[in-house]
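Here the structure is a predicted model, which is why all the values come from computation and not from measurement.
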Amino acid sequence: MRLLMLLIVLMFCAFVSLIGCDQGMQQPIMEIIRPPQSSLEKARMAMEQVNERRTQVHQMAEETGDFSTVFIASEDIFREELGFRKGLWVDLVDIYRQENLENPELLEGIENLEDAFVEKLQEGTFGMFYFEYISAFDEIIIEYLRLSFEFPEKNEEERLMLFRESIREGKILIVFA
């Protein structure tokens, strides 16, 4: 009896191996992740990582109802994901503003954004909107990152000079809602 069962199992295995399993089964589709090619693509991918972390922190703050953590987390995210020193993104925004002093529409957009968030700060709800506020300046950060990837041998001071040139050349455009 055992021999008969073993023979049946072996025949079944041989049959399955010859014809395969379900004929409709296909190979699983594997996502192919192509490494970034240009310094701009690398910068955008790095910023995507920042935004993923921002989303996680914001969700945790929503769950706990404590948005005070987003301020510290924001600097940590920039330091850990991008290697930024504390306050670098603020310096980038200031440089952007300085280089656009002759553009009243842009300055008005920045001022309107700042006014909206001063109001949120006074209401005590600024933390809920903090990532929304700083994400308005993502294009500035992306340009600085692009320069960092393109000129890795340059130090921060040299990259900031290149950053100023990029602004003057109109390579950065921020659109305020």
Side-chain angles (χ1 to χ4, degrees), residues 31 33-36 38-152 154-157 159-164 166-167 170-177:
E31 184 177 339
I33 299 174
R34 179 177 65 86
S38 72
S39 54
L40 180 60
E41 287 177 5
K42 290 177 184 177
R44 290 201 183 283
M45 286 184 73
M47 205 60 215
E48 284 178 28
Q49 288 295 112
V50 167
N51 285 323
E52 285 177 19
R53 294 271 309 273
R54 285 176 178 167
T55 300
Q56 291 169 353
V57 168
H58 189 79
Q59 287 172 344
M60 287 174 41
E62 280 182 331
E63 289 171 8
T64 63
D66 179 11
F67 287 91
S68 65
T69 58
V70 298
F71 303 110
I72 296 167
S74 178
E75 288 294 332
D76 291 344
I77 291 168
F78 282 140
R79 183 177 36 78
E80 293 166 8
E81 295 294 330
L82 307 177
F84 279 17
R85 65 169 166 77
K86 186 174 182 171
L88 178 61
W89 79 271
V90 175
D91 292 345
L92 297 175
V93 172
D94 285 342
I95 292 169
Y96 184 75
R97 180 185 315 216
Q98 292 167 8
E99 294 298 325
N100 282 290
L101 289 175
E102 295 177 13
N103 184 340
E105 291 175 6
L106 184 127
L107 293 176
E108 183 181 352
I110 292 174
E111 287 174 16
N112 289 341
L113 184 64
E114 288 173 346
D115 290 345
F117 285 99
V118 165
E119 183 180 314
K120 300 290 184 198
L121 190 60
Q122 291 170 342
E123 294 172 355
T125 59
F126 184 60
M128 295 168 62
F129 300 97
Y130 183 70
F131 287 133
E132 186 178 320
Y133 170 72
I134 62 174
S135 68
F137 300 107
D138 283 359
E139 290 302 314
I140 292 172
I141 296 168
I142 288 171
E143 178 59 15
Y144 182 80
L145 289 172
R146 182 191 71 78
L147 293 168
S148 298
F149 288 123
E150 199 164 311
F151 303 101
K154 301 220 182 268
N155 63 31
E156 182 180 305
E157 186 178 324
R159 283 193 299 266
L160 289 174
M161 289 189 312
L162 292 169
F163 179 72
R164 282 184 186 278
S166 290
I167 296 168
K171 291 184 178 179
I172 305 169
L173 176 65
I174 296 178
V175 178
F176 297 101

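For the residue pair Arg85 and Glu75, the shortest heavy atom distance occurs at O-OE1, 4.3 Å. Shortest non-hydrogen contact noted between Ile142 and Ala43 is O-CB, 3.5 Å. Shown here for Asp138 and Ile134, the closest heavy-atom pair between the two residues is OD1-O, 3.5 Å. Nearest heavy-atom pair, Ile141 versus Met47, reported as atom, atom and distance to 0.1 Å: CG2-SD, 3.7 Å. Nearest heavy atom pair, residue Arg159 against residue Phe151, reads NH1-O, 4.1 Å. For the residue pair Phe163 and Leu92, the shortest heavy atom distance occurs at CE2-O, 3.6 Å.
The pair Glu132-Lys120 does not meet the salt-bridge criterion, since no charged nitrogen lies less than 4.0 angstrom from a carboxylate oxygen. A salt bridge does not link Glu143 with Lys171: none of the charged nitrogens is closer than 4.0 Å to a carboxylate oxygen. A salt bridge is defined here as a Lys NZ or Arg NE, NH1 or NH2 lying under 4.0 Å from an Asp or Glu carboxylate O, and Arg146 with Glu150 meets this definition.
Few gaps surround CG on Leu101; more than 12 heavy atoms of other groups in view lie less than 6.0 Å from it. Atom CD of Glu123 has more than 12 neighbouring heavy atoms from other residues, nucleotides or ligands inside a 6.0 Å radius.
The side-chain heavy atoms of Arg164 and Ile95, taken from C-beta on, include a pair separated by under 4.5 Å. Considering only heavy atoms from C-beta on, Phe84 stays 4.5 Å or farther from Val50 through its side chain. With contacts defined as side-chain heavy-atom distances shorter than 4.5 Å, the pair Leu162/Lys154 qualifies. Side-chain contact check for Glu62 versus Phe67: some heavy-atom pair is nearer than 4.5 Å. The shortest side-chain heavy-atom distance between Tyr144 and Leu160 falls under the 4.5 Å cut-off. Within the 4.5 Å cutoff, the side chain of Met45 has no heavy atoms near those of the Lys42 side chain.
Put simply, the residue from Glu108, Glu102, Glu114, Glu111 that forms a salt bridge (charged side-chain N to carboxylate O under 4.0 Å, His left out) with Arg97 is Glu114.
Between Phe78 atom CZ and Asp76 atom CG the span is 11.5 Å, to the nearest 0.5 Å. If you take CD1 on Ile172 and CD1 on Ile167, they are separated by 4.5 Å, rounding to the nearest 0.5 Å. Interatomic distance, His58 NE2 to Phe129 CZ, rounded to the nearest 0.5 Å: 8.0 Å. Note that CG of Leu145 is 11.0 Å distant from CD of Glu81, once rounded to the nearest 0.5 Å. Interatomic distance, CD1 of Ile77 versus CD1 of Ile72, reported as 12.0 Å (0.5 Å rounding). Note that CZ of Arg53 is 10.0 Å distant from CG of Leu82, once rounded to the nearest 0.5 Å.
In this structure, Phe137 and Trp89 have tilted ring planes: the angle between them lies in the 30° to 60° band.
Using modelled atom types, one side-chain atom of Thr55 and one backbone atom of Asn51 make a donor-acceptor pair closer than 3.5 Å.
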>> Checking Arg44 against Glu139 for the salt bridge (charged side-chain N to carboxylate O under 4.0 Å, His left out) test, could you report, in this order, the C-alpha distance in whole Å, the side-chain angles of both residues, the deciding distance, and whether it holds?
In response: CA-CA 9 Å; Arg44 290 201 183 283; Glu139 290 302 314; 3.5 Å; yes
